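We're numbering straight along the sequence, starting at 1. Note that this is a predicted model, so its numbers are computed, not measured.
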Amino acid sequence: MSPTPTLSDVFAQYDALLNRYRDFWQLEAFAQTEWPWPQSAVEVNALIEPELNKLTNPVATPSAKLERESPFWLTNGIQGRKLAQINGFIAEFSKHASCHAAEDPIHQVIEWCAGKGHLGRILSVHQQIPVLSVEWQASLCEQGQALAFQHSVAQEFLHANVMHLPNNWLPSNTAIVALHACGDLHRQLLLQASSQGKRELFIAPCCYHLQQAEHYQPLSQQAQQSLLRLSRAQLKLAVQEQVTGGKRVAKLRDTEQLWRLVFDLYRAQITGIAAYRSLPSVPKHWFSGELSAFIHWACAQQALPVPADVAINALLPEAYERLALIRGIDSVRQLFRRPLELWLLLDRALFLQEQNYAVHLQQFCAHHESPRNTLIIAKRDAQAAYSET
Ligand SMILES: C[S@@+](CC[C@H](N)C(=O)[O-])C[C@H]1O[C@@H](n2cnc3c(N)ncnc32)[C@H](O)[C@@H]1O
């Protein structure tokens with residue numbers, strides 16, 4: 001029997017695949033005006049699929065459900081999918097956290113980027129443990145604190161920017177939970193967690209591309225050796241699959257892509273510059289309005305004269321063709337979405353191992369409840385922490 005691969009072995013598998021096929025996923029689909037590869041989408045699929053099947057999945061699937069019912073007053077106002085995520089998260093927390101260990105237990109939970117602190121509130125009641133919820137938006141802190149008072153929950157809020165907490169701020173004998181903290185926010189937690197002390201981490205990362213740096217800075221030594229260089233736009237691929245939102249959201253996204261293409265065709269025509277030039281993002285409600293209003297706004301962004309409606313409409317057939325091309329390219333890029341997400345998760349896991357944590361990757365809710373459904377569970381005891389000195 002071959003030995004179970006380590007997280008480092010698994011990282012090496014994903015790193016090799018992503019490097020070998022980078023021409024298939026590191027390009028920007030929107031910027032392409034023709035099919036970029038000698039192979040068709042079906043041929044690329046046939047080439048990659050067997051390779052994907054050989055990769056080890058490092059994420060454990062949930063075993064028997066261990067969810068405790070919450071009284072209705074505790075979960076009031078939390079929408080269905082969020083509640084399913086919280087319940088799954090707490091089920092894993094109660095399996096792994098040592099809040100009630102006879103020796104050297106965890107005696108406080110810190111909720112990182114808490115929002116209204118729904119996770120922290122329910123966790124505090126289920127585990128009978130005090131929770132400190134850290135959140136940047138004052139109004140969310142106030143609402144969360146009011147809910148905690150109302151139900152006599154041992155939960156306090158700290159109104160703070162996690163990016164500006166002092167180094168070594170995290171106390172020892174603490175469990176830190178982070179549900180869907182974006183790029184730099186969970187990265188900051190990882191860096192804070194490398195300071196000494198007994199800690200247990202439960203981190204469900206999301207939106208890896210929401211970071212200040214233009215390029216990804218790998219955390220672990222192994223990822224630092226990788227040949228992959230990831231721009232912010234490339235990082236976005238890791239979360240570019242939406243199961244939430246339904247048909248209305250999908251339709252708005254289609255309209256948005258089509259209108260952006262119409263504008264890009266007009267821009268190329270009038271400036272004579274073929275290279276794609278991106279526009280800032282705008283709220284989705286724009287795309288249930290009028291195409292001409294969007295074009296007016298886009299022209300103002302790039303200081304271009306506004307075309308007549310008839311000229312805009314004449315570009316629609318070509319924009320539809322480009323949209324079909326982009327869909328085809330995206331279907332190939334999507335093959336690499338999960339490998340890229342796992343590469344990023346494994347970078348975090350390896351970094352924590354380097355900081356003397358024992359690390360485990362665990363799925364905590366179904367994919368339709370959230371596609372960002374992997375929990376990094378990392379535990380370090382006091383001895384391991386002090387052995388660093
Ligand atoms: C995606 S939400 C997740 C909220 C909650 N954990 C949940 O799962 O519903 C991210 C939260 O991080 C907060 N946040 C953003 N930047 C922050 C910062 N620099 N410091 C603290 N909180 C921050 C936001 O206000 C928001 O409430």
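Between the side chain of Gln225 and the backbone N or O of Gln222, no donor-acceptor pair lies under 3.5 Å. With hydrogens and angles ignored, the 3.5 Å screen pairs a side-chain donor or acceptor of Glu135 with a backbone N or O of Gly115. At distances below 3.5 Å, not a single donor-acceptor pair connects side-chain atoms of Trp136 with backbone N or O atoms of Met163. A donor-acceptor contact shorter than 3.5 Å links the side chain of Gln145 to the backbone of Phe157.
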Side chain to side chain donor-acceptor pair (under 3.5 Å) between Gln362 and Thr374: does it pass, once the steps are laid out?
CA-CA 6 Å; Gln362 175 70 50; Thr374 303; over 6 Å; no

Before you tell me yes or no, could you show the steps for Asp264 and Arg267 under salt bridge (Lys or Arg N to Asp or Glu O under 4.0 Å), namely the whole-Å CA-CA distance, both residues' side-chain angles and the distance that decides it to 0.1 Å?
CA-CA 5 Å; Asp264 195 55; Arg267 182 206 50 77; 3.0 Å; yes

List the steps and the verdict of ring pair (Phe, Tyr, Trp, His ring centres under 6.0 Å) for Trp297 and Trp286.
CA-CA 10 Å; Trp297 167 82; Trp286 270 88; 5.7 Å; yes

Passes salt bridge (Lys or Arg N to Asp or Glu O under 4.0 Å), Glu341 versus Arg337? Steps please.
CA-CA 6 Å; Glu341 184 175 15; Arg337 192 206 64 73; 2.9 Å; yes

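For the atom pair Leu201 CG and Lys379 NZ, the distance stands at 11.0 Å (nearest 0.5 Å). For the atom pair CD1 (Ile329) and CZ (Phe30), the distance works out to 11.0 Å, reported to the nearest 0.5 Å. Note that the CG atom of Leu191 and the CZ atom of Arg187 stand 6.0 Å from one another [nearest 0.5 Å]. In this structure, NE2 in His367 is found 6.5 Å from CG in Asn373, a value given to the nearest 0.5 Å. Annotation: the span from His209 atom NE2 to Asp184 atom CG amounts to 11.5 Å, rounded to 0.5 Å.
Residue-environment remark: CD (Gln224) exceeds the threshold of 12 foreign heavy atoms within 6.0 Å. No more than 12 heavy-atom neighbours from other residues, nucleotides or ligands sit within 6.0 angstrom of CD on Glu156. In the displayed structure, His100 atom NE2 is contacted under 6.0 Å by more than 12 heavy atoms of other residues, nucleotides or ligands.
Between the side chains of Thr174 and Gln108, no donor N or O sits under 3.5 Å from an acceptor N or O. Under 3.5 Å, the side chains of Trp37 and Asp23 contain no donor-acceptor pair of N or O atoms. For the residue pair Glu200 / Ser98, a side-chain donor-acceptor distance below 3.5 Å is found, with atom types taken as modelled. Side-chain contact annotation: Gln13 with Thr56, donor-acceptor N/O pair under 3.5 Å present. A donor-acceptor pair shorter than 3.5 Å can be found between the side chains of Tyr21 and Glu51. Checking Gln85 against Lys82 by side-chain atom types alone, a donor-acceptor pair falls below 3.5 Å. No side-chain donor-acceptor contact under 3.5 Å links Glu354 and Ser220. At a cut-off of 3.5 Å, with distance as the only test, a side-chain donor of Gln257 or Arg327 sits close to an acceptor on the other residue. A donor-acceptor contact under 3.5 angstrom links the side chains of Ser70 and His126, judged on distance only.
Inter-residue side-chain proximity for Leu342 and Val10 is flagged as unmet; no heavy-atom pair is nearer than 4.5 Å.
Ring pair His180/His186: centre-to-centre distance not below 6.0 Å.
Residues Arg199 and Asp381 are not paired through a salt bridge, judged by the lack of any N-O separation under 4.0 Å between the basic side chain and the carboxylate.
Taking the six-membered ring where tryptophan is involved, the planes of Tyr266 and Phe263 are tilted, since the angle between them lies from 30° to 60°. The aromatic rings of Phe202 and Phe93 sit tilted relative to each other, their planes meeting at an angle between 30° and 60°.
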